[in-house]
Amino acid sequence: MNEIFNKPYNSKLVEEKIYSLWEKSGFFNPDNLLLTKVKSQKSKVKSFSIIMPPPNANGSLHLGHALMIALEDIMIRYKRMAGFKTLWLPGADHAGFETQIVYDKIIEKEGRSRFEIPREKLYQEIWDFTQKNKAAMENQIRRLGASCDWSREKFTLDADIVSKTQDAFIKFYKDGLIYRGKRLVHWCVKHQTGFSDVEIVHEESQNPLYYIKYGPLVVATVRPETIFGDTAVAVNLKDKRYKNLIGKEIEVDVVIAKLKLKVIADEFVDPIFGTGAVKITPAHDFNDFEIWQRHKNEIEGPREVINKYGKMNLVRHFPDSAEVKKYEGLKILEARKLIIEDLEKRGLIKKIDATYKHNVAKCYKCGTTIEPRLMEQWFIKMAPLAKPAIEAIKSGKIKFIPENFKKIYFHWMKNIRDWNISRQIVWGIRIPAWYHELKCIPRAGHEDKVVKCKEIIISKTEPKCEFCDAKFTQETDVFDTWFSSGQWPFLALGYPDLKEYKNFYPTDVMETGWDILFFWVARMIMLGLYRAGKIPFKNVYLHGLVRDSYKQKMSKSKGNVINPIEIVEKYGADALRMALIVGNTPGTDLAFSEEKVKGYKNFANKIWQASRFVLINTADSNEKAKKVKLTQNDKKRLKEFEALKKKITKQMELFKFYIAAEEIYHYFWHTFCDKIIEEMKPRLNNDNQNDKIAAQYILMEILKGSLKLLHPFMPFITEEIYQHLQLDDKKLLIIEKW
RNA sequence: GCGCGCUUAGCUCAGUGGUAGAGCGACUCGUUUACACCGAGUAGGCCGGGGGUUCGAUACCCUCAGCGCGCACCA
């Protein structure tokens with residue numbers, strides 16, 4: 001017996017060595033698995049595939065990643081052992097906006113700003129930054145034991161991915177599903193980019209509600225500084241108080257000017273709220289924008305009085321006003337304070353309700369109040385995409401684990417709105433649209449045709465106008481990173497040509513956190529159905545968030561973030577994996593405790609010691625030829641183990657890894673170690689050779705079988721021990737038959 | 001406002017139409033040569049409240065309460 005067994009199990013001596021053994025074997029690659037197949041299996045091999053959610057290449061892994069790796073690796077190892085042609089495709093995500101702001105912070109510390117660095121230079125810098133992170137991250141994934149096929153690894157900015165993402169945009173555009181429109185967009189003043197609906201969060205806050213004298217009316221608002229952008233006042237048609245005012249024009253004193261505004265009637269207005277009269281600011285409020293659209297013919301359109309920096313921009317609208325200058329350039333809150341003072345001086349503030357609570361939209365990343373801003377952006381029409389995506393779940397083609405996420409999915413899908421995919425950052429895939437730089441410069445002989453020049457050309461390369469010499473400039477916006485991520489399952493597999501795509505799409509499982517159900521999972525379903533014409537995956541396994549032991553969200557600001565690699569160093573990857581898996585039901589957040597990991601480190605040692613015992617006591621069992629005469633009890637033990645194997649296999653098929661892991665843990669410790677080994681001890685010292693052989697046989701059989709059942713969960717230690725067993729036809733445990 | 005959950009042993013959580021389970025923790029005993037990173041035991045729960053269905057409910061239905069979460073255009 002190897003002397004390594006003379007000491008307690010030391011994961012550090014084992015894990016690195018074993019991982020490189022696996023990697024060298026080539027068995028992570030499904031193509032090599034075929035060679036090892038039993039010859040009798042002539043018929044097509046069943047395949048099993050998972051695309052790894054590519055971790056962001058902008059930092060190191062967190063425990064959520066460790067959970068993801070553990071779950072997916074369990075499925076993969078199980079299926080590989082069960083004889084499937086198994087592909088787990090790893091990747092890394094450029095993570096557009098997320099990485100942009102990580103990098104912003106880095107250069108801020110250096111006293112630089114992304115807004116002052118030339119686009120190409122900044123892009124190159126971030127590229128280098130992500131490549132460095134990517135390499136570090138890959139090693140961390142290895143440390144966790146991931147048996148993924150590194151030879152197929154993809155990055156979300158690989159040339160083919162970029163090109164195909166742009167192709168998708170072009171197709172969507174041609175199909176009339178993408179449009180460019182000047183609309184109100186969620187704008188983060190700090191990050192200087194627009195967002196889609198899912199990048200904002202609503203937060204309850206208490207802000208004074210000001211009742212302002214408004215010509216003959218009184219209106220209530222929390223944003224008095226937008227009064228300069230008012231273009232109408234709305235009431236409800238049924239509101240008797242204001243019936244005679246509808247259609248009339250009123251004069252409103254807004255300090256810097258007197259506005260002539262029309263009173264309109266709109267369903268939206270709730271007569272009970274406030275005064276029943278609403279000031280309409282189409283440029284700075286989503287409702288008001290919609291009201292304007294319904295009353296386009298009656299009232300003036302949006303007047304933008306706040307600029308992209310969240311500062312007042314009034315002079316251009318009110319050049320003749322004497323008062324305007326003191327407002328110009330003020331930040332929103334400063335302007336609010338000043339306008340209230342000025343209105344108060346004029347006796348125009350009727351009431352202030354200081355108890356008013358409402359929900360305010362914030363940037364999901366920095367918490368800055370979102371400023372609705374009028375912008376030309378690219379949108380995808382979602383309703384046509386949502387319909388089949390709802391159907392795919394309803395029909396059961398795609399299953400959710402746990403099931404209750406279906407309801408949340410439906411609720412979101414049914415209320416879906418068009419998706420703003422433009423981002424005003426440099427880190428990402430550039431939108432393949434081009435604009436005329438100048439007015440048309442007619443080419444000789446085409447003077448009459450110039451009117452036909454298109455303003456926008458959709459093309460991956462710089463277009464040339466048929467009739468004129470004007471140059472084109474490329475769209476500076478990049479895609480929302482989720483637009484490309486949403487196509488990841490088929491793009492990573494080389495859609496539409498590669499055999500990988502044909503063999504492995506749709507994939508079997510998409511395993512990810514429930515927190516990106518809308519960001520990612522929903523989009524993959526919609527885009528996969530539309531672009532590839534097929535569902536992207538058959539099962540969606542949604543794991544919970546890993547929180548600290550007090551169930552607090554881990555965050556850098558709280559200082560409770562745990563680095564999974566440090567845990568691996570301390571307790572071993574196998575122990576960490578078990579701690580993340582056992583008792584962790586899908587969809588439920590996990591309270592992570594180091595104590596639990598410690599417990600499974602002890603378990604690893606238990607496996608080690610039990611194996612040591614078996615190795616010591618079977619060392620002399622080289623008389624393999626001898627028949628084994630099993631006792632009644634031996635047979636019972638083997639039967640018991642078969643039953644366990646069945647049970648665990650069933651749990652694996654049902655994605656109940658949290659139970660399967662516990663079952664094998666419990667069996668190994670409390671049946672194999674506590675009972676069976678104890679039962680065998682006297683027999684091993686017995687003079688009766690037959691009985692001794694039987695005891696040795698039982699020990700070895702059950703140890704071997706247990707190592708297999710344990711392997712998906714605790715791959716390192718099981719492989720290490722397996723390599724020390726003296727067996728005929730021994731292969732690597734990763735490819736042994738389940 | 002619309003929607004989704006959760007409430008089971010001190011803690012973290014499983015679970016099932018037949019009167020409760022695991023891990024950790026606590027306590028007692030034990031140094032028996034695989035393992036003290038151990039073993040043998042013990043204690044601990046009207047399964048949130050109320051009502052209903054049922055021969056029988058922790059589990060199914062209704063309702064109340066507390067907690068958590070998602071979505072959302074009430075100025």
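Source: prediction; values computed, not measured. Worth knowing before you read on, the calculation uses all heavy atoms, side chains too, and leaves out hydrogens, waters and symmetry mates. In the text below, chain A, chain B and the rest are named by the order of the sequence lines, each starting its count at 1.
Across the protein-nucleic acid pair, A:Asn605 atom CG and B:rC38 atom P stand 8 Å apart, rounded to whole Å. Residue A:Ile516 contributes atom CD1, which lies 15 Å from atom P of B:rG70 at whole-angstrom precision. As a whole-Å value, the separation of A:Met413 CE from B:rC4 C1' is 17 Å. Atom CD in A:Gln609 sits roughly 10 Å away from atom P in B:rC38 (whole-Å rounding). When the P atom of B:rC4 is taken as reference, atom CG of A:Asn415 falls 13 Å away, rounded to whole Å.
For A:Thr281 (side chain) and A:Ala283 (main-chain N/O), no donor-acceptor pair under 3.5 Å exists by modelled atom type.
An OP1 or OP2 oxygen of B:rG23 is reached within less than 4.0 angstrom by a side-chain nitrogen or oxygen of A:His666. The side chain of A:Arg417 places no N or O atom within less than 4.0 Å of a non-bridging phosphate oxygen (OP1 or OP2) of B:rC71. Between A:Lys406 and the phosphate of B:rC4, there is no side-chain N or O to OP1/OP2 separation shorter than 4.0 Å.
Comparing B:rC67 with B:rC60, their C1' atoms are spaced 24 Å from each other, to the whole Å.
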Notebook entry, point to check: For every nucleotide of nucleotides 24-33 of chain B, 5' to 3': is a protein heavy atom under 4.0 Å from its base (B), only from its sugar-phosphate (S), or from neither (-)?
Noted result: S---------

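For A:Glu595, there are no side-chain hydrogen bond (donor to acceptor under 3.5 Å, both in side chains) partners, not counting sequence neighbours.
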